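Down below is the structure, laid out as structure tokens.
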Amino acid sequence: MSLVSVLVACDKNRNLPIEPDPVEPVQPVEPTEPEDKGFTLPVVRISYYGTLALNSYCQGTYVILDPDKHYSDVDDLRGSLQVKGRGNSTWGMPKKPLRLKFDSKSEVLGMPSEKDWALLANYADKSLLRNSLGMEISRIMGFSWTPRHVPCELYLNGIYQGVYDFFEHKETGKNKVNIDTDKDYYLEIEQNFDEANYFTTSYDVPIQFKDPDKPGAERIEFVKNYFKDFEDVLRSDDFADKDKGYQAYIDVDSWIDNFIVQELAKNIDGNVRKSSFLVLKDGGKLEFYHQWDFDLAFGNADYFPDGNNGPTGWYVKNRDTNGQVGKGWYNRLFQDRAFVEKVKKRWKELYPELSGLDEYIDKAAAELGEAPDRNFEKWKILGIYVWPNVKVTGSYKEEIKYLKSFYMDRLAWMNKEINNL
């Protein structure tokens, strides 16, 4: 069986159908104040009417409580909203991620005023912190946008659901992907095509248009040709030429930062096949604009094509979208000595702050307080395998210990290998 076949077979659960069975409706109840149980996190209460499904909204109301005003000056935020499911493989898990659309813009827990939000469930990530860690690395690197988020505890129609991340929804906007969609493009690399317009490049990279989602034939052809020209240059003998090589097509600094965060996380989706986001501005170059989706990163995916699920070994650098060694965008870029030297320089700049993220993990875990206990009382999974866990530790304390150990071992391995490139 080829590596491509192995990757597809092992990844079948990551690519569930877009329309899984809807969640059966629960009898709506009016949101009430939570009992005094020593909550250390904000509490989000959503009541909805109808059947909660992936691609259709239900009407409802929300209450967001931050009694200690830890995240904002508002301790009780209420309003009307629409709610639906979100995600691909994550929607097939018992603990459901959600997409929220408020009836009017609101500042939520100190985040800028918006209508659209996401509640990420982190069911397979028993540390509950991998998305937070990915966003902290993004913040350190200074991507054009790092989605803001706040941990919370969620009730749906009065029923406790556990610890969630309340995230800004990934979309265009002044405080998010700040582009002019009349002439610029917000693009997603995603194998599960769920937008109206998409294509696959000659390097087998799946591209879909997020905004504008209906760009018209002429604009679609322009983007297709841009990628074709870029990939033709990558294959050429002059690919490293400063004026007519790859540098004429990509924002090199953002591509280096994307490589570092995805490789450091050893993200199974990070080999430009899923959950990666590019912006192409009018007259500009392809930029990796922001990061997203780290629940299966940092040692939490057991289906790498070479079987090496641990903290050592190159992944993004050496493999293409289909997991084949010696192919792909980054593999070609690393054949240019100037690109390698820029990676080494950037790593040297970032390494001191990246080295302190074991303390960030401890702080983030402490901020959750006793909420993980309640989460795993609801979802009794600490001692059992949940796809695609690499390790089953049996306790939340050990999950945090494992995450820290994987991260620091990966950091040390990359520090040695990058300096030896």
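Small disclaimer: the values here were computed from a predicted structure and weren't measured. Hydrogens, waters and symmetry mates are skipped; everything else that's a heavy atom, side chains included, is used.
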(message) With a 4.5 Å cut-off on side-chain heavy atoms, are Ile250 and Leu333 touching?
(response) yes
(message) Below 30° counts as parallel, above 60° as perpendicular, anything between as tilted: where do the rings of Tyr315 and Phe304 land?
(response) perpendicular
(message) Here's one to test your reading of the geometry: is the NZ or CZ of Lys317 within 45 degrees of the ring axis of Tyr330 and under 6.0 Å from its centre?
(response) no
(message) Testing the 3.5 Å rule here: is there a donor-acceptor pair between the side chains of Tyr385 and Asp302?
(response) yes
(request) State whether Glu399 and Lys391 are salt-bridged, where the test is any N-O pair (Lys NZ or Arg NE/NH1/NH2 against Asp/Glu carboxylate O) under 4.0 Å. (result) no
(request) Among Asn122, Asp125, Asp165, find the one that has a side-chain hydrogen bond (donor to acceptor under 3.5 Å, both in side chains) with Asn131. (result) Asn122
(message) When you measure from the centre of the six-membered ring of Trp117, is the NZ or CZ of Lys101 closer than 6.0 Å and no more than 45° off the axis?
(response) no
(request) Look at Lys404 together with Asp362 and state whether they make a salt bridge at an N to O cut-off of under 4.0 Å. (result) yes
(request) Inspect the contact between Arg99 and Asp116 and indicate whether a charged nitrogen and a carboxylate oxygen are less than 4.0 angstrom apart. (result) yes
(message) Evaluate Arg45 against Thr61 for side chain to side chain donor-acceptor pair (under 3.5 Å), listing each step before the verdict.
(response) CA-CA 8 Å; Arg45 291 180 171 270; Thr61 60; over 6 Å; no
(message) Please check this pair: side chain of Asn375 against backbone of Ala371, looking for a donor-acceptor N/O pair closer than 3.5 Å.
(response) no
(request) Decide yes or no for Val150 and Met111: does some side-chain heavy atom of the first lie under 4.5 Å from some side-chain heavy atom of the second? (result) yes
(request) Can you sort out the partners of Asp213 under side-chain contact (heavy atoms from CB on, under 4.5 Å), two or more places apart, ordered by chain and number? (result) Glu195
(message) Using the ring centroid of each side chain, check whether Trp145 and Trp292 are separated by less than 6.0 Å.
(response) no
(request) Could you tell me how the ring of Tyr185 sits relative to the ring of Phe209: parallel (under 30°), tilted (30 to 60°) or perpendicular (over 60°)? (result) perpendicular
(message) Can you see whether Ser276 engages Glu188 through a side-chain donor-acceptor pair at a distance of less than 3.5 angstrom?
(response) no
(message) When you compare the side chain of Leu278 with that of Tyr289, does any pair of heavy atoms fall below 4.5 Å?
(response) no
(message) Determine whether the aromatic ring centres of residues Phe230 and Trp255 are separated by less than 6.0 angstrom.
(response) yes
(request) Check whether the side chains of Lys126 and Asn389 place a donor and an acceptor atom closer than 3.5 Å, and report yes or no. (result) yes
(message) I'd like to know if Glu367 pairs up with Lys363 as an ion pair, taking the criterion as any Lys NZ or Arg NE/NH1/NH2 lying under 4.0 Å from an Asp or Glu carboxylate oxygen.
(response) no
(message) Quick check with a 6.0 Å cut-off and a 45 degree axis cone: is Arg78 positioned over the face of Tyr62's six-membered ring?
(response) no
(message) Side chains of Tyr164 and Lys95, heavy atoms from C-beta outward: is any pair under 4.5 Å?
(response) yes
(message) Is there a side-chain contact between Leu411 and Leu357 in this structure, where contact means two heavy atoms from C-beta onward sitting under 4.5 Å apart?
(response) no
(message) Tell me every residue that passes side-chain contact (heavy atoms from CB on, under 4.5 Å) with Gln291, counting only those two or more places apart in sequence or in another chain.
(response) Met135, Ser138, Phe143, Asn258, Val261, Gln262, Phe294
(message) Would you compute the distance between atom CG of Leu129 and atom CG of Leu403 and round it to the nearest 0.5 angstrom?
(response) 6.5 Å
(request) Decide yes or no for Pro147 and Lys176: does some side-chain heavy atom of the first lie under 4.5 Å from some side-chain heavy atom of the second? (result) no
(message) If the threshold is 4.0 Å, N to carboxylate O, is there a salt bridge linking Arg319 and Asp306?
(response) yes
(request) Assess whether side chain to side chain donor-acceptor pair (under 3.5 Å) is satisfied between Glu231 and Thr201, documenting all intermediate values. (result) CA-CA 8 Å; Glu231 292 183 339; Thr201 76; 2.7 Å; yes
(message) Less than 3.5 Å apart, any donor N or O on the side chain of Asn415 or Trp347 sitting next to an acceptor on the other?
(response) yes
(request) Could you tell me whether the side chain of Glu153 reaches within less than 4.5 Å of the side chain of Val44, counting heavy atoms only? (result) no
(message) Under 6.0 Å between ring centres: does that hold for Phe334 and Phe259?
(response) yes
(request) Report yes or no: do Tyr246 and Asp336 form a side-chain donor-acceptor pair below 3.5 Å? (result) yes
(request) Measure from the ring center of Phe406 to the ring center of Phe298 and say whether it is less than 6.0 Å. (result) no
(message) Within the structure provided, determine whether Pro42 and Tyr71 are in side-chain contact (heavy-atom separation under 4.5 Å).
(response) yes
